[in-house]
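Accompanying notes for the structure given below.
Reminder, nothing fancy here: chain letters follow the sequence lines and each chain counts from 1. When reading the values below, keep in mind they use all heavy atoms of this one structure, side chains included, and skip hydrogens, waters and symmetry mates.
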Protein chains: 2
Amino acid sequence: MEQLPASEPKPLTVAMLIYPGMTLIDFAGPQLALGLHGKTHHVWKTLEPVVSDTGVSVNPTDTYGTCPRDVDVLFVGGATDPAWLMEDRETMDFLVDVARSARYVTSVCTGSLLLGAAGLLDGYKSSCHWAYIDALRALGVDATDDRITKDRNRLSGGGATAGVDYGIAMLAELRGESVAKVTQLIMQYAPEPPFVGGSPRLAEAEVTKIATDILAPFVAEGIRIATSVGRERKERAVAA
Amino acid sequence: MEQLPASEPKPLTVAMLIYPGMTLIDFAGPQLALGLHGKTHHVWKTLEPVVSDTGVSVNPTDTYGTCPRDVDVLFVGGATDPAWLMEDRETMDFLVDVARSARYVTSVCTGSLLLGAAGLLDGYKSSCHWAYIDALRALGVDATDDRITKDRNRLSGGGATAGVDYGIAMLAELRGESVAKVTQLIMQYAPEPPFVGGSPRLAEAEVTKIATDILAPFVAEGIRIATSVGRERKERAVAA
């Protein structure tokens, strides 16, 4: 269907970072919600395919050079192992550059670590995947595992599947409640999770322990890099 | 992370049909849940990229020729406009061939129309996207818009976002509740939909009317092709 009949004359323009190791569903939920109402750009350094953390190969539509500025939404999804990209100067510069003129600067899951490493969450509250909250805090960000957090023109979702909630919430901001509701119905977002326990607030202690242990090496690396990036940024601020 | 530590020695083998016009999130939810516990094959006629209904370009890993048979799961996701593929003999033959030796034959959203057109839902109950129920019925399938339907070795999800529920439910079948719960927590599937109304049972009448009107041309085409395919299959059965 490509695009739904627009409720406003101008289709949305959305810049979505994609990268090796990304979690596909972080991207897929927001991309559907926003892509039904405009043009989404899938942006990486090159036009070579990027492969997700579970092995799905996706082709970028734009590079950092060709991605439009002046977008309605800048979006960054997460990854199981996002740490390496936090240190990538080219990516951080790209995010800062697009954020300058974006109407909304947004993320899902550990995408907040990338925005935070770029300095785009200084003084903002942001959601993050529950396991990586301490990494986001190490960047000096007011981090939470709330499903959705809105703070001025920052909108962020919690882990992975929160991208669907994010997509509908972002649409409500941009196009109003009526359009968001119609889109939620088209996406049939009337969830019935097979189990209670999709967040540590709800999960059995044993389940949380196993999940925490599985993610521990990635979280540790996230905290290590976040601490180093946070320190560097503080030193630069003092020197300036 | 690629794969979680396996609770069974043998990683899952999963065949996932991908195709031009597919809805990415139908595929992304199941792919994450199952891909964390095994190898997912993303299968199309050729290795050329397929572009989703909202413009995401994905590269197949396998063709109909190279896709393994004897898989744990055959999975078919949906599309806004699935009708054309129901008439594609090569695809129907591929689905029938893999289903013969698959442990589970499964779908999300309008993927059920493809399984149904291949004759793989004869005598089975199946879920489908709410808007396309009549198309699935035109194939002679006992269709419902329930979030998840299990009927012997058929497991099916409702529209689009039901792929996440499907993925966790499929894992519970294959690996047990404990593994499914850990995976649900890693995917942070503790949904908080921004609005009530993700299914026509819950939505305001006006919202359902707008969504129904938007999807009407695709649904009409689905019913037309399903009726023709259903009639042909009945005639072949009588002739045999």
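- In this structure, the side chains of Thr23(B) and Leu32(A) come closer than 4.5 Å at one or more pairs of heavy atoms.
- Heavy-atom neighbours of chain A within the stretch residues 58-67 of chain B, taken at a separation under 4.5 angstrom, comprise Val58(B), Asn59(B).
- Formation of a donor-acceptor pair under 3.5 Å by the Trp130(B) side chain with backbone atoms of Ile186(A) is not found in this model.
- Taking CD1 of Ile25(B) as the reference point, atom CD of Gln188(A) lies at 12.5 Å (rounded to 0.5 Å).
- The distance from atom CZ of Phe195(B) to atom OG1 of Thr183(A), rounded to the nearest 0.5 Å, is 10.0 Å.
- Contacts of Thr208(B) with chain A are made by both backbone and side-chain atoms, with heavy-atom separations under 4.5 Å.
- Your options are Pro49(B), Pro193(B), Pro217(B), Ala79(B), and the one with the most heavy-atom pairs under 4.5 Å with chain A is Pro193(B).
- Interface remark: Phe27(B) contributes side-chain atoms only to the contact with chain A (heavy atom separation under 4.5 Å).
- Both the backbone and the side chain of Ser199(B) come within less than 4.5 Å of a heavy atom of chain A.
- With hydrogens and angles ignored, the 3.5 Å screen pairs no side-chain donor or acceptor of Gln31(A) with any backbone N or O of Val56(B).
- Contacts of Ala172(B) with chain A are made by side-chain atoms alone, with heavy-atom separations under 4.5 Å and no backbone atom involved.
- The minimum heavy-atom distance between Pro191(A) and Tyr189(B), with the atom names listed, is CB-OH, 3.2 Å.
- Of the two parts of Ala169(B), the backbone and the side chain both hold a non-hydrogen atom closer than 4.5 Å to a non-hydrogen atom of chain A.
- For the set Cys109(B), Ala131(B), Ala211(B), the entry with the most heavy-atom pairs within less than 4.5 Å of chain A is Ala211(B).
- Judged as a side-chain contact (heavy atoms from CB on, under 4.5 Å), and not counting sequence neighbours, the contacts of Glu204(B) are Lys181(A), Val207(B).
- Tested against Pro194(A) for a side-chain contact (heavy atoms from CB on, under 4.5 Å), the candidates Gln184(B), Glu177(B), Met170(B) yield a single pass: Gln184(B).
- Below 4.5 Å, heavy atoms of chain A meet heavy atoms from Gly158(B), Gly159(B), Ala160(B), Thr161(B), Val164(B), all part of residues 152-164 of chain B.
- For Pro200(B), the parts lying near chain A are the backbone and the side chain together; criterion is any non-hydrogen pair under 4.5 Å.
- Rounded to the nearest 0.5 Å, atoms CD1 (Ile210(A)) and OG (Ser178(B)) are 4.5 Å apart.
- Rounding to the nearest 0.5 angstrom, the gap separating the CD1 atom in Ile214(A) from the CG atom in Leu185(B) is 9.5 Å.
- Ala28(A) and Leu24(B) get closest at one heavy-atom pair: CB-CD2, 3.8 Å.
- For residues 184-201 of chain A, the pairs satisfying salt bridge (Lys or Arg N to Asp or Glu O under 4.0 Å) are Asp145(A)-Arg201(A), Asp146(A)-Arg201(A), with sequence neighbours left out.
- A donor-acceptor pair is defined here as one N or O able to donate and one able to accept, closer than 3.5 Å; no such pair exists between the side chain of His129(A) and the backbone of Met187(B).
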